[in-house]
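From a predicted model like this one, the values you see are computed outputs, not experimental measurements. We name chains A, B, ... by the order of the sequence lines, and we start the count at 1 in each one.
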Protein chains: 2
Amino acid sequence: MTDNYAMTVLKSDELNLIDEYWRAANYLSVGQIYLLDNPLLQEPLEAEHVKPRLLGHWGTTPGLNLIYTHLNRIIRKRDANVIYITGPGHGGPGLVANAYLEGTYSEVYTGIGEDSEGMRKLFRQFSFPGGIPSHVAPETPGSIHEGGELGYALVHAYGAAFDNPDLVVACVIGDGEAETGPLAASWHSNKFLNPVTDGAVLPVLHLNGYKIANPTVLARIPAEELDSLLRGYGYLPITVESDDPKVAHQLLAAALDEAFDLIAAIQQAARYDGATQRPMWPMIVLRTPKGWTGPAIVDGLQVEGTWRSHQVPLAETRTNPEHRKQLEEWLRSYNPERLFDEEGALRADLRALAPVGNRRMSANPHANGGLLLRDLDMPDFADYAVTVAEPATETAEATKVLGTFLRDIIARNGDRFRLMGPDETASNRLSAVFETTDRTWAAETIVGDDHLAADGRVMEVLSEHLCQGWLEGYLLTGRHGLFNCYEAFVHIVDSMVNQHIKWLTSSSRLPWRRPIASLNYLLSSHVWRQDHNGASHQDPGFIDHVANKRPEVVRVYLPPDANTLLSVAEHCLRSRNYVNVVVAGKQPALTYLNMDDAVKHCARGLGIWQWASNTTGEPDVVLACAGDVPTLETLAAVDILRRELPNLQVRLINVVDIMRLLPDSEHPHGLSDREFDSLFPTTTPVIFAYHGYPWLIHRLTYRRNNHAHFHVRGFKERGTTTTPFDMVMLNDLDRFHLVMDVIDRVDGLGDHAAELRQRMVDARLDARRYTREFGEDDPAIASWAWDHQYQAASLTGN
Amino acid sequence: MTDNYAMTVLKSDELNLIDEYWRAANYLSVGQIYLLDNPLLQEPLEAEHVKPRLLGHWGTTPGLNLIYTHLNRIIRKRDANVIYITGPGHGGPGLVANAYLEGTYSEVYTGIGEDSEGMRKLFRQFSFPGGIPSHVAPETPGSIHEGGELGYALVHAYGAAFDNPDLVVACVIGDGEAETGPLAASWHSNKFLNPVTDGAVLPVLHLNGYKIANPTVLARIPAEELDSLLRGYGYLPITVESDDPKVAHQLLAAALDEAFDLIAAIQQAARYDGATQRPMWPMIVLRTPKGWTGPAIVDGLQVEGTWRSHQVPLAETRTNPEHRKQLEEWLRSYNPERLFDEEGALRADLRALAPVGNRRMSANPHANGGLLLRDLDMPDFADYAVTVAEPATETAEATKVLGTFLRDIIARNGDRFRLMGPDETASNRLSAVFETTDRTWAAETIVGDDHLAADGRVMEVLSEHLCQGWLEGYLLTGRHGLFNCYEAFVHIVDSMVNQHIKWLTSSSRLPWRRPIASLNYLLSSHVWRQDHNGASHQDPGFIDHVANKRPEVVRVYLPPDANTLLSVAEHCLRSRNYVNVVVAGKQPALTYLNMDDAVKHCARGLGIWQWASNTTGEPDVVLACAGDVPTLETLAAVDILRRELPNLQVRLINVVDIMRLLPDSEHPHGLSDREFDSLFPTTTPVIFAYHGYPWLIHRLTYRRNNHAHFHVRGFKERGTTTTPFDMVMLNDLDRFHLVMDVIDRVDGLGDHAAELRQRMVDARLDARRYTREFGEDDPAIASWAWDHQYQAASLTGN
């Protein structure tokens, strides 16, 4: 295409209309930032028309409005199915403005009509107490992407495009955001996009040149270098550069025509002509001034086109008449009286530029994924149960068992379920899924590759950020999934899950936002079985991280064995609008509950394991446990106690759902004090063996009547490369130490207990010596479970 | 350079010697992974010679050894000053092997000599209980970079290179790691490197093609696309590709010659010839097989050159004679008997290939930064104090005051202090630093740019990962710095700070590792003053995150005003081997303590503010506070209480160092129970207003005698875009609610208290109504502090 051609794409009439539509969006954006009243400027602007606190971001907004306006043209022209992801999410006013221009805003928020009173409310509510956030947010129709923390626009876009073959996800990437790590990695998502069954992502890199107070890297490298970079990422960049609106309109219209033609050609080739090579997908590089059409100079300093336009270019509009005058000139420069009629309605010929119905980007159901959500077609999870004739007599690899269930879920839901993981699906023992599917891979393949295919349902990339972001985008557009991750490294996405939880918290308060499938984590390769990788891989703190968030959204499960994991997983996959964190082991481990009991136990969330207790009455001590390894050690401790101190009345409680420990006033899953006290009698010592940092159990139980008698063992950052049993010993979570804890806390156990305590001390020393000498766990301890079979007969009373 | 030339760089003798040195490193690497005994294979290999648990990673190791060997050649040839950063940190055995070959290992660990017994110990200790980790770790001489969590190799390399003009940081980047976000962003660090005063980074992208179970993205894009990508990142790639060792040696030697020539030329041009344009720095792309020289086929499956060689290619060497036979053949293929003499010492002509003394990469002092650490030259921080004639009568912007102190630290320490931040230095009100320095910027500049210069000391990039990683690399090589960040978004580096804390924890146990400067965070724009950005920017959980880590390393400070911030900052900047988290406000806020009192208060970490209390005896209630906004609200509450309920005996305690709340058995800063009980009498109600999630205070105090009477207010994830006072009301942290809490918890206050409580309820409703109507805080409340001046006279008894 020649530049001459590009300059004639839009006929003069269309050009003018498009320009006016853009001006209307800009006017509404500025109005939101500044105006409390006088929305159509039908009177001269007075101080009291201006908000007392000016909060909002102008700089990125005109660019966002420009792209939006031109995408509208493409949508109408091609009946295209497009959603809009706003990387520069500070540009909230722009997206709200466009939703309002399209009528969606008034449909969703019926109090805000398409008239001057509606416009007044629209302006007033923005960044106003009780109103809407200043960023693109769940409150913004058409959005699946919170503005605020930057870096995730493009990865969300790809997540939205997967398995949506007709969708084009337009994704604006600010040049600030482009400096972040997650965004930099996201470009390579095109190696995981299947042109046959997935939709397209159209990245628009918006180079307005500045961040808050600095230029941006990508705006300050030579154009050839940027071009080389983007081609290296696998894209065909189409550049649009101008500071003249008329020129920019022509160039951007031509660029979008070209991009959509290329997308259509790629999809045609892949879908009908048998093309199998990864295509170069088009993208747009848009260079326009920051704060374009805003005040050029304020207080003698250049503002338009610089970082000074980032937030509010005129800061003192209530107190400084000169600023207010400039604001009025700025607002009037858009000629609102020509764009809106006297009642405040958009001129009909302008309104006609917007797409209609679900084609409006602000009303596209893909951006309100719950509307499109279809339940997973799941087999009966009980069919995957392992047989447990007696508790604690047989072993299974919990995640391996789950893998068979996931395999069949994948087989039945080829269009709406994906399994994400940073190259750890096999390592986490979920390999059964490869019996039915492959790893998603659209890059080169060679002979010898293992289960790679463009239509694979397992997405593996060595980036937790991409796994998380793809899944978020996929869920937000109405699909399902699970992220399996090493427990320690899920901290890499701490901040992303924060934002997703905040999104869910806000959207669950918006009736028009339909619930979406929960974000499910399977954390395996957990702290107690990273003995081979050592301290750098040992961290159970993700639970603490999510536990700080709103209880409406957060759930944490620690199933102790294979059948409980199946039950928990099924529950999580059916749930909506939660973040479910499931921690489960991948190593061969004892099984405790048959499927019926597992279902009941998981439904209760915690409960007495009567078969491992030796009293149905008031116990002398409660041993509680949460997590697979703590459960094993606790059962082993109980077995020692029951053999050695048979008169001691022991109750064993296993906790699957740790939020049950919270008061019912604090969490929907919380137990009432009455229930809690019946499980943990108010003055009975409790020795609690917990998977993670011990103080989390204190944080959950500090309001309980019995809290003063809770003694919690867990991970206290004593980690290294050593054997599994040495790891629990290092952290005083081992069976011997738990027995010592009981003896130390129960009065009147007598001489035999004192002697037993010394034997426990010696046993620890022996185990440690053995480990140091032979490099492995003492087989007598490692196989202890089997030797004694937890005295299954004695434990169960048979 | 032609290929022909490249193939003749090494004379035949040198080629053979280099190959043998590489084989020696490979032999020692395999030996570490597998052998318990028989280190020189002087007897046939028996089952008992093999470790019972095989833990380690072979796949990446031969490549790491190859690069190391060739860097040795360059160092000797040019007397170059080089350190080695091992991105594929799983390759621990390779780095240990090289340190051993150079003699460093035996110098550092004197029990492990350069003889067969030493070699036996070297092998045995690897991934062995009580031994060394399987990854590159603090225990590895010459390392500043933990292997484990991937993504930070290149950013650490740049951090090491800054202000080290003679240093070349060779940085191996695995193609797995290259998929991570932080690594993808790190390439652009070259826009922040000053060729005049900084050293050079030489990235070596090692494409061995596979991750754990998958191919890698960068190995599966066309060579031209990769070349384009790397040039787009601003590098000149030099490619070395071979699976024939002899060819690879020649090509790599030539490539390194070329790279070092280019580096020298760039530095010459910038330092002496006045070049100012950002250069294209050289880098190497090395394509060699994964698991090279290991077993080609195991159990009928291709292993060498595939992902199957990632960990231990032969897994059953103790139980499967065929595997053991293959292991023995593999080990003998290196001809250990020709490389080491009968006593186990490396052949002298091979040993001569290693550099000597501090030029050995394993002994380079830059990789043990504490050796090079020089104290900061700091002015007296008291000179920057704000005047506080009476508590709570004047205001200051705490971080702005700190900025003046930082300005002068920067001025005095131009070679050893940097201030990092994601484009928020001005936003966090530290702008005074720009009176003495600029923002580091080596990319293009244009007229109108604000304080950009190649030698600027303020590093701003819109990536918390880069800020954190640069600073880590800078600190680990013996320099100083501070990272200022929005509080909510520091979660982006949760996982990085985990790894750094683990590094500090381990290295503080190694006497040969000298202490380094602490990693200091200044978290501003904190949860209570992100009212304009809303929920997405409101999160105080980083404190919780670090509080889970080892108490030897972690410190958290919440200075309530400007002078306490100065005192805390100075303390942090002088400290060693800690992670210091300082949370401080940037908004105008009351000042409470003159500098003398501030120093004393900070030294104590917490204490009674007698001037705000109305009793020196036993109080009826303790109001405690930590954080600037909670302190303000608490003082306001105390003022109301003292005016309204003058007979109520109130004690006010301010906490700067929250670790003081822990028992002394749990943290070096912890108070004894006796001290604690004297501050918080064991049955007195305590209303604690805390900056962050309230349960953290419970987690710190649950062992205290008075814990049952602690009632904590803090952030409970009620966040939105609203006014500052509405934010504290939303979370029940406001003065009115604190008064209500006191009334609810102190018995016998009588009717007036009941009436006061109702007034407080009404005041909250009024404040809320005002906010919703006018969009700002009620001036009567917002200026309350000034109206009453906290009744400074009454509070202080004057």
Is [X] in contact with chain B via its backbone, its side chain, both, or neither, using a 4.5 Å heavy-atom distance?
| X | result |
| --- | --- |
| A:S186 | neither |
| A:S134 | both |
| A:T306 | neither |
| A:L229 | both |
| A:P422 | neither |
| A:L36 | neither |
| A:Q277 | neither |
| A:R703 | neither |

More than 12 heavy atoms of other groups within 6.0 Å of B:Q302 CD:
yes
Non-hydrogen atoms of [X] and [Y] that approach each other most closely:
| X | Y | result |
| --- | --- | --- |
| B:F128 | A:F774 | CZ-C, 3.5 Å |
| B:T721 | A:P133 | OG1-CA, 3.2 Å |
| B:R53 | A:G775 | CD-O, 3.1 Å |
| A:I212 | B:Y486 | CD1-OH, 4.5 Å |
| A:S228 | B:G232 | OG-N, 3.6 Å |
| A:G181 | B:A185 | CA-CB, 3.5 Å |

What is the distance from atom [atom1] of [X] to atom [atom2] of [Y], rounded to the nearest 0.5 Å?
| X | Y | atom1 | atom2 | answer |
| --- | --- | --- | --- | --- |
| B:K549 | A:Y693 | NZ | OH | 3.0 Å |
| B:Q538 | A:N498 | CD | CG | 12.0 Å |
| B:N214 | A:H451 | CG | NE2 | 11.5 Å |
| A:S536 | B:Q499 | OG | CD | 5.5 Å |
| B:D450 | A:R308 | CG | CZ | 6.5 Å |
| B:D544 | A:N548 | CG | CG | 4.5 Å |

Part of [X] within contact of chain A (heavy atom distance under 4.5 Å):
| X | answer |
| --- | --- |
| B:T505 | neither |
| B:I492 | both |
| B:A488 | backbone |
| B:W503 | neither |
| B:I446 | both |
| B:Q125 | neither |
| B:H707 | side chain |
| B:R768 | neither |
| B:L696 | neither |
| B:W187 | neither |
| B:M496 | neither |

Quick one: does [X]'s side chain get under 4.5 Å of [Y]'s, heavy atoms only?
| X | Y | answer |
| --- | --- | --- |
| A:H545 | B:H491 | yes |
| A:P215 | B:R439 | no |
| B:F489 | A:L150 | no |
| A:R220 | B:D449 | yes |
| B:T180 | A:L462 | yes |

Pick from [options]: which one has the most heavy-atom pairs with chain B under 4.5 Å?
| options | value |
| --- | --- |
| A:E424, A:R718, A:E773 | A:R718 |
| A:G148, A:S463, A:G92, A:P182 | A:G148 |
| A:R278, A:E177, A:E149 | A:E149 |
| A:H57, A:M280, A:E776 | A:E776 |

For chain A, find which of [options] contributes the most heavy-atom pairs closer than 4.5 angstrom.
| options | answer |
| --- | --- |
| B:S495, B:G89, B:G719 | B:S495 |
| B:L452, B:L466, B:T720 | B:L452 |
| B:E444, B:R124, B:K716 | B:E444 |
| B:P222, B:G534, B:G541, B:A708 | B:P222 |
| B:D726, B:T723, B:T771 | B:T723 |
| B:E224, B:H135, B:E146, B:H188 | B:H135 |

Indicate the ring-plane relationship of B:H537 and A:H90, choosing parallel, tilted or perpendicular according to the 30° and 60° boundaries.
perpendicular
Sidechain N-carboxylate O distance under 4.0 Å for [X], [Y]:
| X | Y | result |
| --- | --- | --- |
| A:K191 | B:E179 | no |
| B:K502 | A:E717 | yes |
| A:D227 | B:R231 | no |

Sidechain-backbone polar pair: B:D423 side chain, A:A213 backbone, donor-acceptor under 3.5 Å:
yes
Flag the pair A:H465 / B:H465 as yes when their ring centroid distance falls below 6.0 Å, and as no otherwise.
yes
